[in-house]
Amino acid sequence: MDSLLDKLNPVQREAVLHQKGPLLIIAGAGSGKTRTLTHRIAYMMTQGISPYNILAITFTNKAAKEMKERLVSMSEQGGQVWAATFHSTCVRILRRDIHRLGYDSNFVIYDAADSERMVKLCIRELNLNDKQYPHKSVLYFISQQKDELITPDEAERLVNDFRSKKYAEVYRLYQKKLKENNALDFDDIIFRTVELFSYFPDVLERYQERFKYLMVDEYQDTNTAQYRFVMLLAEKYRNLCVVGDDDQSIYSWRGANIRNILDFEKDFTDAKVIKLEQNYRSTQNILDAANRIICNNCKRKEKILWTDNEAGERIRFNVSDNEAAEGNFISSEIREQVKNGSSYSRFAILYRTNAQSRPLEEQLVLNGIPYRVFGGIRFYERKEIKDLLAYLRVINNPQDGLALTRIINVPRRGIGDASVQKINEYAGDNDISFFMALEQLDQITSLKTRLKAIAGFRDLIKNLIAYAKDHTVTEVINETLSVTEFTMEYALENTEEAKGRLENIEAFINKATEFESASQDKSLSAFLEEIALVADIDEYHEDQETVSLMTLHSSKGLEFPRVFITGFEEGVFPSIRSILDGGEGELEEERRLCYVGFTRAQEKLYITAARSRNRFGQTVYNTISRFYMEIPSNLIETKGLERRNRKKMETHDNRTGVSKYAEINKVRNSVDLTGAKNYIQPKMPEPKNVLLDYQIGDKVRQLKYGTGVVKDIQPAGADYEVTIEFPAHGVKKLFARLSKLKKVE
DNA sequence: TTACTATGGATTTTT
DNA sequence: TCCATAGTAA
């Protein structure tokens, strides 16, 4: 028990010992926040507090998982603590009680793309013009309202002008449709839970009793809805500990309200406030620069990070002629250091926007540097995966009209918009769901020649639903793939892109298999739910031998020995929008983003800029980021800028410099980057054909399932599907290439 | 119904 | 430049 406290510094210890009543921990970057939180929970349990009464809320699955793992390693009861994201916590609460709000407890969760499709439908249905009412901004409006706990009725009352009224009208229709589809979007998950707590005190009380001790991580990122959720839960026992850093608030555009953390002491006048200011991550030079930059923001809680670490090297600032040269500089720097014994995984390349990754990737490819891009188009947002998921969603819940209309013509079966429209009309007239309309197809006389194709689709779905009743998720996926001939189009295409898609499908099947072996609840609905609530960054593992590329936003919470911050230019970082129409508020958020970026670096920080870069196909000339001027010159070593021009980058010079890179541009253009999002340069080229050193009847070993006997081997595209009977896990179908089967004697 | 061309818009995105 | 969308031809 004492050893728990021994591992902490005095301030951290103070936070751990304060167990009852409101507590605000301001945790600077790299100050051992997670350590403090987990120790606090572990210490609680030694003081006789039941793990059953503790709730720790995070924003990402990754943070929740990390916390759980640490707790398990620290305490026997650690595994019983409820540590989860806002969304998964609320989903669990809703599954139990949402029927009180008139929803069915097996509601589906819409992701961003589903919401977008739904908004488009609503705009069309209200006969609004997409030019005057762009779906993106309507979607943003709706999300904003929900973050602020504003219902459609209230929204309509709150706004005055005609256009905003229309926005509110779309919101109302959107909400109505979601309910008809028994669906919740991400914002609803929080909103409906707050509603549930507000309208049904008995439900609230049950959870207040259950969660007598609350902890909220990244509190600076909470929006109004999440704030209400926390306040309601904490109201009764007031054992609320929030942890955050106002300087790392970078999601205000997603509704995060920085005031939540700044006003905590007003919400709880008896709150204890603890500041963790000792940094264990970065060198003094990096910290000094970060401190100096963030000091330029006015609305913040005063704090100065310090460290016992050595001063370290100076920050390196490098200006190149164009973005190709920028990428090349980074690549040679990495190559040089790896040659001297460093490893790829020690490097991260950060940028403001995802679009910046491509020219960087090109240079990495040219230099043979293995890398991995995080974010961008997510795995579950890829077309082929979304299509396959839509099938699963329909099988799970045929009332899911959005999913149903997505796949009705995938792969092509000659059912176009016109037919869908007619079915929709019939469904609307008779007040039934799309699927019900399919059941009564014969009544829809207008369909004529298309009737047969549609009936075929309907029967296909019905068969799959029946099949799913007594088969596992993986089997259902395989069955779906085979009866729909889903992969046929891709297999025939035989392009790099199509190959990538097939690989994604394989990877998806593997995810399903993984799910089945890891999860308690192996049902299809549990699988879909898990998928709905994961992000790509959750997949980040330190052990991959690759350089990591990601946006500055995605990098929050991570650390790397060596960090490159790229595109350090006016209009790129800070972004053009924050300069043009943002006002000081948005610029301050950019500055916080810069602070986040700097504090990711442990040993060495590089900042790079390019004099010119391509923007939407046109060359633009940027000046150096204003943030550069905020770094004291003794902390930074600058290359590529004339001394007299340090304050202001030239605008028209150096067009000649481009020719220096003409050579490399030629090579660059010949590099095929299709599907290179997750490009990992293989050390040895992988064999095109899968060589199998086992046959039917052989005993093989697989990482997860152990040993089993091969029952069948079937070709599947460029791969083989191997059926194996495992004594401990039953019969599994695995892809040879991905499941790494080894023959055992 | 689909396959083509023209047009205009384009941050960040924990779930 | 890349992408989604709208309009048109077949």
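This is a predicted model, so every value here is computed, not measured. Only heavy atoms go into these numbers, but all of them, side chains included; no hydrogens, no water, no symmetry mates. Order of the sequence lines sets the chain letters (A, B, ...), proteins ahead of strands, with each chain counted from 1.
Of the N and O atoms on the side chains of A:E361 and A:Q363, not one donor lies less than 3.5 Å from an acceptor on the other residue. Remark: the A:E326 side chain and the A:T608 side chain contain an N/O donor-acceptor pair separated by less than 3.5 Å. A side-chain donor-acceptor contact under 3.5 Å links A:S137 and A:Y167.
Put simply, A:T551 has a side-chain N or O that comes within less than 4.0 Å of OP1 or OP2 on B:dT13. Residue A:K131 places none of its side-chain N or O atoms closer than 4.0 Å to OP1 or OP2 of B:dG8. For the OP1/OP2 pair of B:dT2 and a distance below 4.0 Å, the side-chain nitrogens and oxygens of A:N409 include at least one atom meeting the criterion. The phosphate of B:dT13 (OP1 or OP2) has a side-chain N or O of A:S554 nearer than 4.0 angstrom. For A:N354, a side-chain nitrogen or oxygen approaches OP1 or OP2 of B:dT13 to under 4.0 Å. Here A:S419 reaches the OP1 or OP2 of B:dT1: one of its side-chain N or O atoms lies under 4.0 Å away.
Residue contacts for A:F86: at a heavy-atom cut-off of 4.0 Å it reaches no nucleic acid atom on any strand shown. Contact annotation for A:K120: backbone-only contact, meaning every heavy-atom pair under 4.0 Å involves sugar-phosphate atoms and none involves a base. Counting any heavy atom pair closer than 4.0 Å across all strands shown, A:D417 reaches sugar-phosphate atoms only and no base atom. A:A418 comes within contact range of the sugar-phosphate backbone alone, with a heavy-atom separation under 4.0 Å but no base atom that close. Within 4.0 Å (heavy atoms only), A:R615 reaches no atom of the nucleic acid at all. Note on A:E590: a base of the nucleic acid sits closer than 4.0 angstrom, heavy atoms only.
The pair A:K386-A:D114 meets the salt-bridge criterion, since a charged nitrogen lies less than 4.0 angstrom from a carboxylate oxygen.
Regarding A:R591, its CZ atom lies at a distance of 23 Å from the P atom of B:dT11, rounded to whole Å. Atom OH in A:Y140 sits about 13 Å away from atom P in B:dT11, given to the nearest Å. A:D130 has its CG atom 12 Å from the C1' atom of B:dG8, to the nearest Å. Atom-to-atom, CD of A:Q356 to C1' of B:dA10 comes out at 14 Å; the value is rounded to the nearest Å. Straight-line distance from the NZ atom of A:K422 to the P atom of B:dT1: 7 Å, rounded to whole Å. For A:E116 and B:dT13, the CD to P distance is 15 Å, given to the nearest whole Å. Straight-line distance from the CD atom of A:E589 to the C1' atom of B:dT12: 9 Å, rounded to whole Å. The nearest whole Å value for the distance from the CE atom in A:M550 to the P atom in B:dT13 is 11 Å.
The aromatic ring of A:W253 does not stack onto the base of B:dT13, failing the criterion of a centre distance under 5.5 Å from the six-membered base ring together with planes under 30° apart.
With A:S143 contributing its side chain and A:Y140 its backbone, the two residues share no donor-acceptor pair below 3.5 Å.
Positionally, the nearest nucleotide of DNA chain B for A:G416 lies more toward the 5' end than for the other of A:A532 and A:G416. Comparing A:V420 and A:K136, the nucleotide of DNA chain B nearest to each residue sits closer to the 5' end for A:V420.
Closest contact between the side chain of A:R450 and the listed nucleotides B:dT1, B:dT12, B:dA10 involves B:dT1. Checked against C:dT5, B:dT11, B:dT12, the side chain of A:H135 finds its nearest nucleotide in C:dT5.
In terms of polar N and O atoms assigned as donor or acceptor, the side chain of A:R352 comes within less than 3.5 Å of the base of B:dT12 in a complementary pairing.
Every pair passing salt bridge (charged side-chain N to carboxylate O under 4.0 Å, His left out) that includes a residue from residues 139-150 of chain A is listed here, sequence neighbours excluded: A:K146-A:D185, A:K146-A:D188, A:D147-A:R254.
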